[in-house]
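Counting begins at 1 with the first residue of the sequence. Keep in mind the model is a prediction, meaning the values are calculated, not measured. Counting starts at 1 for both ligands and their atoms, following the listed order.
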Amino acid sequence: MTKQKTNFDVNGKVVLISGAARGIGLDCARSLAQAGAKIMLADILDELGKDVARSICEQGREAAFCTLDVTREEDWQRGIAATLEAFGGLDVLINNAGIEIAKPLLQMSVEEWRRMHSINVEGVFLGTKHALAAMTSEGREGRGGSIINLSSVAGLVGVPGFAGYCASKGAVRLFSKAVAAEFGAMNIRVNSVHPGVTRTEMGDKAVQDVANLIFGGDFEQGLNFIKSSTPLGRIGETSDVVAAVHFLASDAACYITGTELVVDGGISAV
Ligand SMILES: NC(=O)c1ccc[n+]([C@@H]2O[C@H](COP(=O)([O-])OP(=O)(O)OC[C@H]3O[C@@H](n4cnc5c(N)ncnc54)[C@H](O)[C@@H]3O)[C@@H](O)[C@H]2O)c1
């Protein structure tokens with residue numbers, strides 16, 4: 001029986017995901033591959049990334065891994081060339097790799113500020129720049145593409161102790177809108193996704209950071225504070241974020257560009 005293609009289908013789309021060895025990126029890779037997309041996982045964690053790609057292939061899906069540090073332009077050039085060679089095009093880029101450093105602003109060094117911006121902002125710029133080149137000329141011309149940038153609720157509202165992270169994620173939000181405006185005519189959509197605290201290594205660190213800043217380091221108190229500030233009463237799961245990414249990657253979102261999709265259980269609404 002032939003599979004009915006729906007608007008939400010990502011079957012056959014070629015997707016490159018940065019920071020795909022664990023956390024949200026890993027769940028995007030597994031889930032989109034399960035839905036029939038061809039996945040190039042990219043990360044600095046080689047062994048972990050290769051294992052994930054291997055396990056996806058063992059399930060009869062298509063995936064490959066490339067070592068890619070998002071701060072290095074030559075890595076992006078290599079990673080995108082490898083994607084075009086392996087899968088014959090590039091339909092979706094998920095700029096997911098990121099780091100979070102939280103501390104009272106007066107304790108933040110300029111090195112920490114620059115490191116965070118180099119991964120969270122420059123990394124997104126470089127990935128977007130080289131993906132656009134592939135989507136407009138070297139890729140499937142006329143077919144367009146979707147670029148999905150992982151921002152954060154911290155890119156929408158100020159969070160005490162997270163000023164550097166907020167600045168970097170706010171930059172991702174407006175960068176996405178400007179690129180959406182510039183490349184709409186080429187049918188390339190660019191959107192940002194704004195998770196609240198989501199259960200991953202980074203999410204656990206964020207809870208601990210909140211606990212350190214407000215509750216003398218008590219993790220449970222930090223967690224309960226976040227849950228009780230969230231209308232839906234829980235922190236996010238990676239699957240919550242994947243659902244939004246999947247939507248933006250699909251043709252169901254074909255008239256959606258330059259927007260911000262908030263996946264935070266309502267915490268930024270109150
Ligand atoms: N988890 C949360 O609570 C949360 C909330 C809001 C936004 N986000 C954003 O979602 C994205 C994914 O977060 P996560 O929770 O999965 O984080 P994570 O720390 O669990 O995973 C991040 C991945 O990025 C990779 N990475 C880090 N630096 C890299 C670099 N220079 N080049 C390539 N890869 C690199 C890591 O190796 C890791 O695999 C990030 O951009 C993060 O800022 C996360």
Side-chain angles (χ1 to χ4, degrees), residues 16-31 40-53 65-76 78-80 93-102 112 114-128 130 147-157 159 162 164-173 175-176 192-210 222-223 226-227 230 234-242 244-245 260-265 267-268:
L16 170 56
I17 309 173
S18 71
R22 70 171 193 227
I24 292 170
L26 164 64
D27 205 9
C28 285
R30 282 198 195 289
S31 176
M40 178 63 80
L41 298 102
D43 208 296
I44 45 176
L45 301 175
D46 296 34
E47 290 314 313
L48 218 49
K50 281 180 196 160
D51 283 351
V52 178
F65 173 80
C66 64
T67 306
L68 189 157
D69 179 338
V70 295
T71 66
R72 295 168 57 92
E73 189 154 22
E74 58 273 31
D75 283 12
W76 277 111
R78 242 188 334 94
I80 286 178
L93 169 68
I94 305 173
N95 275 313
N96 165 76
I99 62 164
E100 175 259 290
I101 302 172
E112 288 169 325
R114 284 182 184 147
R115 180 158 166 263
M116 197 154 45
H117 280 74
S118 130
I119 295 171
N120 294 2
V121 186
E122 255 176 65
V124 172
F125 154 65
L126 289 172
T128 301
H130 290 285
I147 298 178
I148 302 162
N149 295 329
L150 266 292
S151 178
S152 168
V153 281
L156 298 172
V157 297
V159 185
F162 287 74
Y165 184 71
C166 286
S168 72
K169 292 300 183 179
V172 169
R173 171 179 172 269
F175 173 76
S176 305
S192 53
V193 173
H194 299 256
V197 174
T198 305
R199 201 187 308 274
T200 65
E201 280 197 31
M202 184 191 289
D204 285 349
K205 179 181 179 309
V207 174
Q208 189 61 57
D209 287 332
V210 169
L223 186 59
I226 294 165
K227 284 183 183 170
T230 304
R234 62 173 175 88
I235 66 163
E237 301 296 338
T238 53
S239 57
D240 297 320
V241 184
V242 170
V245 169
E260 45 205 55
L261 188 39
V262 184
V263 188
D264 70 345
I267 197 169
S268 63

For ligand 1, is any non-hydrogen atom under 4.0 Å from S151's backbone (N, CA, C, O), its side chain (CB onward), both, or neither? backbone
For ligand 1, indicate whether the residue T200 contacts it via side chain, backbone, both or neither (heavy-atom separation under 4.0 Å). side chain
Under 3.5 Å between any N/O of [X] and any N/O of ligand 1: does that happen in this structure?
X    : value
I99  : no
D69  : yes
Y165 : yes
V153 : no

Who's the nearest protein heavy-atom neighbour of [atom], and how far?
atom                    : result
atom 34 (N) of ligand 1 : A97 CB, 3.5 Å
atom 32 (N) of ligand 1 : V70 N, 3.0 Å
atom 44 (C) of ligand 1 : M202 SD, 3.8 Å
atom 23 (C) of ligand 1 : G19 O, 3.6 Å
atom 16 (O) of ligand 1 : I24 N, 2.8 Å
atom 28 (N) of ligand 1 : I44 CD1, 3.9 Å
atom 2 (C) of ligand 1  : T198 N, 3.5 Å
atom 37 (O) of ligand 1 : D43 OD1, 2.7 Å

Any donor-acceptor N/O pair, [X] side chain to [Y] backbone, under 3.5 Å:
X    : Y    : result
K205 : I101 : no
D264 : P195 : no
D43  : A20  : yes
T198 : G196 : yes
N96  : G19  : yes
S18  : A42  : no

Numbered atoms of ligand 1 (with element) below 4.0 Å of [X], judged on heavy atoms:
X    : value
E201 : 20 (O)
L45  : 37 (O), 39 (O)
V197 : 3 (O)
P195 : 5 (C), 6 (C), 7 (C)
L68  : 32 (N), 33 (C)

Say you draw a straight line from [atom1] of [X] to [atom2] of [Y]; how long is it, rounded to the nearest 0.5 Å?
X    : Y    : atom1 : atom2 : result
I44  : D46  : CD1   : CG    : 9.0 Å
H130 : E74  : NE2   : CD    : 9.5 Å
I119 : L126 : CD1   : CG    : 12.0 Å

Mind checking whether [X] and [Y] have side chains closer than 4.5 Å, heavy atoms only?
X    : Y    : answer
V153 : F162 : no
I24  : C28  : yes
V159 : Y165 : no
D75  : T67  : no

Nearest heavy atom to atom 27 (C) of ligand 1: which of G127, C28, G98 does it belong to? G98
Nearest to atom 12 (C) of ligand 1 by heavy atom, D264, N96, I235: which? N96
Ignoring hydrogens and angles, state whether a donor on the side chain of N95 or T128 is under 3.5 Å from an acceptor on the partner side chain. yes
Would [X] count as a contact residue for ligand 1, given that I'm defining contact as a non-hydrogen atom of the residue lying under 4.0 Å from a ligand atom?
X    : value
G49  : no
K169 : yes
G196 : yes
R22  : yes

Check ion pair R30-D27 (N to O, under 4.0 angstrom): no
